[in-house]
**Q** 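Got a structure here, written out as structure tokens. Questions coming.
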Amino acid sequence: MDLPAALRVHRLVAIVRGDDPDAALRTVLALVDEGIALVEVSLSGRDALEVIARARAALGPGAPLGAGTVLTAADAHAVHRAGADFVVTPAVCEGVTAARELGLPVLAGVMTPTEIVAALRAGACAVKIFPAAQAGGPAYLRALQGPFPDVPFVPVGGVDAAAARAYLDAGALAVGVGSPLVGDAAGTRSGAGVDALRARARAFLDVAHAVTPGRPS
């Protein structure tokens with residue numbers, strides 16, 4: 001999978017972290033159905049490997065499917081077996097190198113210039129500024145682009161629709177969005193909240209489609 005190319009096209013990664021695996025799976029499938037092609041299932045959610053495996057079976061072999069919060073080599077091997085075809089980490093960690101050894105592209109979490117260099121050296125194909133809001137928001141992204149003009153940045157953490165537009169306008173390759181998009185849909189056993197989830201998905205897609213790929217406004 002060419003993860004940077006997919007990020008450049010779709011501009012948005014949905015992050016699903018749920019305490020009910022059935023609801024989490026339903027959330028993944030609803031997001032994809034609404035047109036959000038890049039979805040990451042976080043290992044910090046309940047039975048996340050089961051959710052990834054069931055999502056892979058439902059989506060088929062050609063659909064992108066990510067695994068997040070991959071910290072260790074064991075995590076990388078487990079998500080690979082479950083059917084993930086890209087990996088997201090919260091830091092520069094063992095999960096980055098193990099995933100690359102398995103042939104999985106990695107979006108690696110960073111916060112500082114030193115970590116950006118370390119992530120790229122470890123084989124990450126894009127870097128996730130995390131937590132982006134606490135790091136300084138779009139102004140911090142712009143500051144990083146001075147010494148790192150060619151690095152593909154994906155801000156994650158505290159990204160609502162307005163922040164997503166600001167980051168994309170500032171030149172982010174894509175944004176990662178969790179609770180402002182997913183809400184409580186991944187933790188609601190009854191299926192309540194899916195209509196609201198779909199509405200939020202359409203709103204975020206409108207933002208993603210409004211910005212010219214790869215170019216600051």
Side-chain angles (χ1 to χ4, degrees), residues 1-15 17 37-44 48-49 52 64-159 163-164 167-168 170-178 213-216:
M1 176 187 180
D2 186 341
L3 182 58
L7 293 167
R8 186 173 296 108
V9 169
H10 299 294
R11 318 305 307 281
L12 181 63
V13 181
I15 302 164
R17 178 184 295 106
L38 300 177
V39 180
E40 160 201 340
V41 178
S42 171
L43 291 186
S44 60
L49 291 172
I52 293 169
L65 181 61
T69 324
V70 175
L71 289 167
T72 68
D75 289 341
H77 283 271
V79 302
H80 185 242
R81 288 192 298 270
D85 56 9
F86 69 93
V87 158
V88 184
T89 75
V92 182
C93 55
E94 185 183 53
V96 177
T97 52
R100 291 303 303 128
E101 289 169 359
L102 291 166
L104 297 173
V106 179
L107 172 59
V110 303
M111 195 175 190
T112 68
T114 299
E115 291 170 352
I116 293 169
V117 172
L120 297 174
R121 286 179 175 170
C125 62
V127 295
K128 162 183 149 180
I129 304 174
F130 177 79
Q134 290 78 4
Y140 186 57
L141 170 62
R142 290 189 178 94
L144 290 175
Q145 289 170 327
F148 301 108
D150 300 319
V151 171
F153 288 111
V154 181
V156 178
V159 180
Y167 284 120
L168 294 171
L173 182 65
V175 293
V177 185
R215 295 182 58 191

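All residue numbers in this chain count up from 1 along the given sequence.
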**Q** Is a side-chain N or O of Glu94 found less than 3.5 angstrom from the main chain of Ala73, in a donor-acceptor match?
**A**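 Pair found, side chain donor or acceptor close to backbone of Ala73.
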**Q** Got Val88 and Val70 here, is their nearest side-chain heavy-atom distance under 4.5 Å?
**A**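 The answer is no; the side chains never approach within 4.5 Å.
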**Q** Measure the CG-NZ distance between Leu7 and Lys128 for me, rounded to the nearest 0.5 Å.
**A**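 Separation between the atoms: 12.5 Å.
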**Q** For Leu38 and Pro64, which heavy atoms make the closest approach, and how far apart are they?
**A**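 Shortest heavy-atom contact: CD2-CB, 3.7 Å.
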**Q** In Å and rounded to the nearest 0.5 Å, what is the CE to OH distance from Met111 to Tyr140?
**A**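 The CE atom of Met111 sits 6.5 Å away from the OH atom of Tyr140.
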**Q** If we ignore hydrogens and angles and just use 3.5 Å, is the side chain of Gln134 paired with the main-chain N or O of Gly158 as donor and acceptor?
**A**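 No: the side chain of Gln134 does not pair with the backbone of Gly158.
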**Q** Under a 3.5 Å distance rule, please check whether Arg11 uses its side chain to pair with a backbone N or O of Ala172 as donor and acceptor.
**A**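 Confirmed, Arg11 side chain pairs with Ala172 backbone.
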**Q** Using 0.5 Å steps for rounding, measure from the CG atom of Leu173 to the NE2 atom of His10.
**A**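 Rounded to the nearest 0.5 Å, the CG-NE2 separation comes to 11.5 Å.
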**Q** Could you tell me whether a side-chain N or O of Tyr167 sits under 3.5 Å from a main-chain N or O of Phe153, the two making a donor and an acceptor?
**A**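 Flag not set: sc Tyr167 to bb Phe153 has no pair under 3.5 Å.
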**Q** Kindly give the heavy-atom pair with the smallest separation between Ala164 and Val175, and that separation in Å.
**A**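 So the minimum-distance heavy-atom pair works out to CB-CG2, 3.9 Å.
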**Q** Could you please spell out the steps behind the side chain to side chain contact (heavy atoms under 4.5 Å, CB included) verdict for Leu71 and Thr89?
**A** CA-CA 6 Å; Leu71 289 167; Thr89 75; 5.8 Å; no
**Q** Would you say that Cys93 contacts Thr72 through its side chain, given a criterion of any heavy-atom pair below 4.5 Å between the two side chains?
**A**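 In short, these two side chains do not touch, never coming nearer than 4.5 Å.
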**Q** Pair Val177, Ile15 - check side chain to side chain contact (heavy atoms under 4.5 Å, CB included), show working.
**A** CA-CA 6 Å; Val177 185; Ile15 302 164; 5.9 Å; no
**Q** Just how far is it from atom CD of Glu101 to atom NE2 of His77, taken to the nearest 0.5 Å?
**A**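 Taking CD in Glu101 and NE2 in His77, the distance rounds to 7.0 Å.
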**Q** How far does CG of Asp150 sit from CD of Gln145, to the nearest 0.5 angstrom?
**A**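 Spacing of CG (Asp150) from CD (Gln145) equals 10.5 Å.
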**Q** Of all heavy-atom pairs between Ala67 and Glu40, which one has the smallest distance, and what is that distance?
**A**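 So the two residues come closest at C-CG, 4.0 Å.
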**Q** Is there a side-chain contact between Val79 and Val87 in this structure, where contact means two heavy atoms from C-beta onward sitting under 4.5 Å apart?
**A**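 Side-chain contact under 4.5 Å: yes.
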**Q** If you apply the rule side chain to side chain contact (heavy atoms under 4.5 Å, CB included), what do you find for Leu141 with Ile129, and how did you get there?
**A** CA-CA 8 Å; Leu141 170 62; Ile129 304 174; 3.8 Å; yes
**Q** Do you know which two heavy atoms are closest between Ile52 and Ala84, and how far apart they sit?
**A**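 In terms of heavy atoms, the two residues are closest at CG2-N, 3.9 Å.
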**Q** Minimum heavy-atom separation for Met1 and Ala6, please, with both atom names.
**A**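 Minimum heavy-atom contact is CE-CB, 3.9 Å.
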**Q** Looking at every non-hydrogen atom in both residues, tell me the closest pair between Ala124 and Val96 and how far apart they are.
**A**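 Smallest heavy-atom distance, with atoms named: N-CG1, 4.3 Å.
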**Q** Short question: side chain of Arg17, backbone of Val41 - any donor-acceptor pair under 3.5 Å?
**A**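 No; zero donor-acceptor contacts below 3.5 Å.
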**Q** I need the Leu3 CG to Asp85 CG distance, nearest 0.5 Å.
**A**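 Separation between the atoms: 9.0 Å.
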**Q** Starting from the C-alpha separation in whole Å, work towards a yes-or-no answer on side chain to side chain donor-acceptor pair (under 3.5 Å) for Thr114 and Thr112.
**A** CA-CA 5 Å; Thr114 299; Thr112 68; 4.6 Å; no
